[in-house]
Amino acid sequence: MKHLTLESKEFKRVMQNLHLENLNLPLEKQKRILKIVNSGAEITPSLIKDLMEHEDV
């Protein structure tokens, strides 16, 4: 999989879609998400739920 950054076209598309749904993520959470995705970890519903519920994740 391609290594994503904050400036990646794919990541910007995801952020735009979230914006259209009235969801905004702070920069630190965006960086954390990119780190997880780029690590190759399996993205599961529980991982997403944890990321959205906990500010420290």
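Values below: every heavy atom of this structure, side chains too, minus hydrogens, waters and symmetry copies.
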Quiz: residues 40-47 side-chain donor-acceptor pairs under 3.5 angstrom, not counting sequence neighbours:
| residue | atom | partner | partner atom | Å |
| --- | --- | --- | --- | --- |
| Thr44 | OG1 | Ser46 | OG | 3.1 |
| Thr44 | OG1 | Leu47 | N | 3.1 |

Taken to the nearest 0.5 Å, the spacing of Leu25 CG from His19 NE2 works out to 12.5 Å
Do Lys31 and Glu28 come close enough that some side-chain heavy atom pair is under 4.5 Å? yes
How long is the straight-line distance from CG of Leu23 back to CE of Met15, given to the nearest 0.5 Å? 9.5 Å
Do the side chains of Ile48 and Leu20 join up, straight or via other hydrophobic residues, at under 4.5 Å, putting them in one cluster? no
Rounded to the nearest 0.5 Å, what separates atom CD1 in Ile33 from atom NZ in Lys29? 7.0 Å
Listed pairs under 3.5 Å, donor-acceptor, residues 4-11 side chains, sequence neighbours left out:
| residue | atom | partner | partner atom | Å |
| --- | --- | --- | --- | --- |
| Thr5 | OG1 | Glu7 | N | 3.2 |
| Thr5 | OG1 | Ser8 | N | 3.2 |
| Thr5 | OG1 | Ser8 | OG | 3.1 |
| Glu7 | OE1 | Lys12 | NZ | 3.1 |
| Ser8 | OG | Thr5 | N | 2.6 |
| Ser8 | OG | Thr5 | O | 3.3 |
| Glu10 | OE1 | Lys2 | NZ | 3.3 |
| Glu10 | OE2 | Lys2 | NZ | 3.4 |

